[in-house]
Amino acid sequence: MTGHEVRLEDYKPTAFEIETVDLTFRLDPARTIVTSRLSMRRRNGEPASPLVLDGDELTFVELKIDGHAAGSDRFEASPSRLEVRDLPQTEFFTLEIVTEVAPADNTKLMGLYRSSGVYCTQCEAEGFRRITYFLDRPDVLAIYTTRIEAPKEDAPLLLSNGNPTDSGDLGEGWHYAVWHDPHPKPSYLFALVAGDLAVVRDDFVTASGRPVKLEIYVEHGKEARAAYAMDALKRSMKWDEERFGREYDLSVFMIVAVSDFNMGAMENKGLNIFNDKYVLADADTATDTDYANIEAIIAHEYFHNWTGNRITCRDWFQLCLKEGLTVYRDHEFSADTRSRPVKRIAEVRLLKAHQFPEDSGPLAHPVRPLRYSEINNFYTATVYEKGSEVVRMLATILGTEDFKRGLDLYFTRHDGDAATIEDFLACFEDATGVDLSQFSVWYHQAGTPVLSVGSRYDTSAKKLIVDIEQSVPPTPGEERKKLMHIPLRFGLFDPQGKEITARTVSGIEFSGDVLHIRERKHAVVFENVIDRPTLSLNRSFSAPVNIRYEQSSADLAHLARFETDPYSRWQSLSDLAMRELIRATGATRDGQTVRCDGSLIESLLTTLDDSSLEPALRGQAISLPGEADIAREIGTDIDPDAVHAARSGVMDEIARHGQDVFENIGESILPGGRYSPDAEAAGRRALYLAAISYLTRVALPPEALLPIIRSADNMTIMSGVLGILVHRFPGSAGAETALAEFELRFRDNPLVIDKWLSIQATIPGPNTLERVLQLMGTRHFSIENPNRVRALIGSFAAGNPTGFNLPDGAAYDFLAGQIIDLDARNPQVAARILTAMRSWKSLEPVRRERARIALSEIAQHSPLSPDVRDIADRTLGQ
Ligand code: BES
Ligand code: ZN
């Protein structure tokens, strides 16, 4: 926590190994005593260097070396480190370290803390050092035995990693339990939970016939809301066996839901700890999106058991080794479980909304960075989402069979290791003989590549000639860029809309339907195409790149109609819409009224009306790019009010032309019968909500929405229509009544109230800042709970372009004040919320200057955590 820079090139293995760790916790909210007995081993030939263990805000109590109390001349202890000198010269020795910690005062929610009276831990990335002095780095793998002692009444339940081996009574109302984890693991995967929780149980039998007990722990009374998570867990376990041949390796798998958690969830060995938002669900309180998130996150953390736990990271620079790969695995799981194209569209939307702006702004960094000053700030969209896309490209380049061979080799070769990206890539090279050196640039170079494309059809020669040029815009610290290997899926369509499958391609290496872009420039020739064809590039989004192709609107409309890849059909529509939205934004700024091109409207409405498409796709098709997407595409001199007005104007026109179609969709599209969160039903609801949203622009007044909300039998429709009502008619009697009724009904369910907070925080326009301030004063807000903070302040800063980007900078100043307050309590959450300002440099000059002043105010504040200091400085460009 020193705030100095850590560099990959400085990596050195430790001089000492820790073979076993025996922990004893004597739990007390204010004064927990932790005894850690380490069996140490000096590596071959290591000189008599002192041993330096990491700590963070620790109170040192005692040190024993080989069982004897160490005199103060043999060590130096501070809250952040323990240096032991004059060690025994033997190969093996033991250390016994006693520390004291105060879980109830731990507001950072890293290390051992209390959440609603439950003791729990979060150790990734560097939280274990807040529990005891340790070599707190992922390449130190040890076998852990954990003994927990606590008053029975406070903590009837005592959990840690691995298998339970002993438990009993200690007298005077205390009891204990012992857990043993036979798998060597890094300290960041350690976990402990103690408290009074209810449990939901189930069983699973692995493919090789081993029984596993499944347990999900939740607050008493919430058991029924864990059923979906349990179902998702069983499906994840089965899928990982079938798709990747990976079995679970302990006799029990536990998940604990807690209400105070910095992140979404954590993959601790055998004892995952979750933000309760990603466990608890029922029709009355959870939306379709909540269900999909629960399924994906349960899967993600479970999948880490192989990609992260059995094979972990050598150092934190390799974070994408576990996170990128595991995101790829959870994406594939959701694609197999739900609808592949719908999932792909959602992934690309998310990637473009979060990763693309990161990659083009001051926080840009490679998927595998070379330096960090605060590792918490590198759990980014680039490491996660781009990291997953890189794995996906590898699968595209190698093909299914070879990709599997490489991955299988990785699982066998590196089981039990702390590995690197080089190790990972070597497995694919060794298994297939393919040279991945150029491909590896994806891990090392920041920035979103651009492909500039031009094409012409040679009528007499019956050839389509396509010029493709690659480039990567400069990013902080990286002016010159290397050439990349970009796998680009393509398709060709004839004027009748039929796909041309017989193709002769020259001028480029290609396999199947993938072009391998490797040079700066390629002149690709498609031969023997009888009529001028329409080219579809980057099908299924085979590479995370920006394509600049001046394709005519007619060609895009052609693809929007005839593309057989549903993802690309959506992409073409979305490109078409984006052009129109950018044009409309320009018109708005010039004081003109927004007119919308007829062919866009026709393309949208044709897709909307195409009953051969699944409803979810039709819903996606008519959901225009968001305001942040438009701003990203425009790139500079952004006026968020103009973007909002333009988008709203385009939607008005679509609604006017499409009123009949939208009315036809109406309620008839909704699934019948009892609520089910399955993808098909969810898709119908999504389409219904999209239609309602358009209809409020032509027909539906606020009074008509209120009854829909009141009679909804599920949270998706209820909160969806509430959002439409409140955003479209802010301050109207209908909107305020609906908000009040919702609050009354759900006032005792914080996770539902989070939706109520977010909906209000994202009301467009200049009055929302005041509303946010007012909501902060209500009983529903608490600066102490990360979910509340994210729902209100996070949504306002990251999800409300017009409300947050006020020309006078008032909301920036508000955020600066909140970040400074929050930083003193929970730096990790503060730093993350501050990333909402990462694109400030693309604002128009007046707002840009206001944003700079607010950022500088944060940067100049003292004291500041390393987390917020790092984000503030890099965002400012210092
Ligand atoms: N290992 C992370 C949790 C984590 C993140 C710990 C940051 C420490 C710092 C976990 O596997 C994870 O990635 N969780 C995600 C959700 C996931 C589905 C992408 C999260 O918490 O947001
Ligand atoms: Zn993860």
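As the structure lists them, so they are numbered: ligands from 1, and atoms in each ligand from 1.
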### Task
In plain terms, say whether Asp56 and Arg129 are close enough for a salt bridge, that is, a side-chain N and a carboxylate O under 4.0 Å apart.
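Judged by the 4.0 Å cut-off on N to carboxylate O distance, Asp56 and Arg129 do not form a salt bridge.
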
### Query
Salt bridge or not for Glu57 and Arg130, using N-O below 4.0 Å?
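Looking at Glu57 and Arg130, the cut-off is met.
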
Report yes if the distance between the aromatic ring centroids of [X] and [Y] is under 6.0 Å, otherwise no.
X	Y	value
Tyr372	Phe317	yes
Tyr302	Trp239	no
Phe403	Phe428	yes
Tyr248	Phe253	yes

Enumerate, one pair per line, all nitrogen or oxygen atoms of ligand 1 lying under 3.5 Å from a protein nitrogen or oxygen, stating the separation to 0.1 Å; write 'none' if no such pair exists.
from     : atom 1 : to     : atom 2 : distance (Å)
ligand 1 : 1 (N)  : Glu124 : OE1    : 2.6
ligand 1 : 1 (N)  : Glu267 : OE1    : 2.6
ligand 1 : 1 (N)  : Glu267 : OE2    : 3.4
ligand 1 : 1 (N)  : Lys322 : NZ     : 3.4
ligand 1 : 1 (N)  : Glu323 : OE2    : 2.9
ligand 1 : 11 (O) : Glu267 : OE1    : 2.9
ligand 1 : 11 (O) : His300 : NE2    : 3.3
ligand 1 : 11 (O) : Glu301 : OE1    : 2.7
ligand 1 : 11 (O) : Glu301 : OE2    : 3.2
ligand 1 : 11 (O) : His304 : NE2    : 2.9
ligand 1 : 13 (O) : His300 : NE2    : 3.2
ligand 1 : 13 (O) : Glu323 : OE1    : 3.1
ligand 1 : 13 (O) : Tyr384 : OH     : 2.7
ligand 1 : 14 (N) : Ala265 : O      : 3.4
ligand 1 : 14 (N) : Glu301 : OE2    : 3.1
ligand 1 : 21 (O) : Gly264 : N      : 2.6
ligand 1 : 21 (O) : Ala265 : N      : 3.2

### Message
Could you work out, with side-chain hydrogen bond (donor to acceptor under 3.5 Å, both in side chains) as the rule, every residue matching Ser388, not counting sequence neighbours?
### Response
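So Ser388 forms no side-chain hydrogen bond (donor to acceptor under 3.5 Å, both in side chains) with any residue.
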
#### Entry: Metal site angle (apex the Zn ion (ligand 2)), NE2 from His300 and NE2 from His304, 10 degrees
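Value, to the nearest 10 degrees: 90°.
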
### the Zn ion (ligand 2) to nearest N/O/S of Glu267 below 2.8 Å
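Checking the Zn ion (ligand 2) against Glu267, no N, O or S atom falls under 2.8 Å.
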
### Query
So which of the N, O or S atoms of Glu323 lies nearest the Zn ion (ligand 2)?
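Among the N, O or S atoms of Glu323, the one closest to the Zn ion (ligand 2) is OE1.
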
